[in-house]
**Q** 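Before we start, here is the structure in question, set down as structure tokens.
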Amino acid sequence: MAIAIVALKHFFGIRIEYIKELWDVSMRGNRVLPFYMTYPMPMAYEDEDVMLRDLEYLQQMYPQDAKKYQKKIVSILDKMDYEGSMIYDDYPDQFMLYKLSRDITEMIRKDEIAEAAKKMEQQSDMDADYSASEAADGVASPSRNMMEQETDLSPERWKQIGDMVQVLLFYEIYKRRHNSGRGMLKFF
């Protein structure tokens, strides 16, 4: 019995207490354990699937901007997801990660400026369609005021967006390092 326990511990890396418990359970009444009960964690991958499903569900509840930025980050990291990539280094270079987050923030800024310009152009086309009597009153359209509030391009806002992009980037890298076989350990 002792040799079998040592051999199982050596080959399968499981605890001696667990093996003794299995042995005691199987010897009570000379019952034979089913094969799936002899392994220490028969449903280990199920736990990981549950965690991933839970994570995906919670990410669906992100605010709209965070969802949009996360999609951009995922598309960029998909291009960097290869063997030997810096995201799988034991200690990724902090400077390169900060530079990557700044580059992503700049891409987002350019996209949002282009989108805001497009919306403003559409709004100016709509304003040109107003009749002369409404334009003579000198009242700006309410939709134009809302558009100006939505396109807040202040440095403080971009600092906050940059911080959010950085957090989302680091979390996405963490997920990739732990979910793939290339990087670190799995969930269990």
**Q** Could you measure the distance from the CD atom of Gln166 to the OG1 atom of Thr105? Nearest 0.5 Å is fine.
**A** 8.0 Å
**Q** Which residue pairs pass the side chain to side chain donor-acceptor pair (under 3.5 Å) test when at least one of the two sits in residues 92-102, sequence neighbours left out?
**A** Lys99-Asp103
**Q** Ion pair present between Arg109 and Glu106, side-chain N to carboxylate O less than 4.0 angstrom?
**A** yes
**Q** Using links of under 4.5 Å between side-chain heavy atoms of ILVMFWY residues, direct or through other members, which residues join Tyr91 in one cluster?
**A**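 Grouped by the 4.5 Å side-chain rule, Tyr91 forms a cluster of one, so the answer is none.
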**Q** Can you measure from OG (Ser85) to CZ (Arg177) and round to the nearest 0.5 angstrom?
**A**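 Result: 10.0 Å between the selected atoms.
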**Q** Please round to the nearest 0.5 Å and tell me the distance separating atom CH2 of Trp158 and atom CD1 of Ile108.
**A**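 Separation between the atoms: 7.0 Å.
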**Q** Out of curiosity, does Phe95 fall in the hydrophobic cluster containing Ile87 (side-chain heavy atoms, cut-off under 4.5 Å, transitive links)?
**A**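 In one cluster with Ile87: Phe95, yes.
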**Q** Are Val167 and Val165 connected in the hydrophobic side-chain network, where two residues link if heavy atoms are under 4.5 Å apart?
**A**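 No; Val165 is not reachable from Val167 via cluster members.
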**Q** Taking side chain to side chain contact (heavy atoms under 4.5 Å, CB included) as the test, write out the residues that go with Ala117, two or more places apart.
**A** none
**Q** According to side chain to side chain contact (heavy atoms under 4.5 Å, CB included), who are the partners of Gln59, at least two apart in sequence or on a separate chain?
**A**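 By the side chain to side chain contact (heavy atoms under 4.5 Å, CB included) rule, Gln59 matches Leu55, Tyr62, Gln70, Tyr171, Lys175.
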**Q** Met86 and Pro92: which non-hydrogen atoms are nearest, and at how many Å?
**A** O-CB, 3.8 Å
**Q** Can you list, pair by pair, the side-chain donor-acceptor contacts under 3.5 Å of residues 71-78, counting residues two or more places apart and other chains?
**A**
residue: Lys72; atom: NZ; partner: Asp111; partner atom: OD2; Å: 3.3
residue: Ser75; atom: OG; partner: Lys72; partner atom: O; Å: 2.8
residue: Asp78; atom: OD1; partner: Arg176; partner atom: NH1; Å: 3.2
residue: Asp78; atom: OD1; partner: Arg176; partner atom: NH2; Å: 2.7

**Q** Quick one: closest heavy-atom pair of Met164 and Tyr69, and the distance?
**A**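 Closest heavy-atom pair between Met164 and Tyr69: CE-CE1, 3.4 Å.
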**Q** Which residues pass the side chain to side chain contact (heavy atoms under 4.5 Å, CB included) test with Lys68, not counting sequence neighbours?
**A** Asp65, Glu112
**Q** Starting from the C-alpha separation in whole Å, work towards a yes-or-no answer on side-chain contact (heavy atoms from CB on, under 4.5 Å) for Ile104 and Leu168.
**A** CA-CA 11 Å; Ile104 292 171; Leu168 289 170; over 6 Å; no
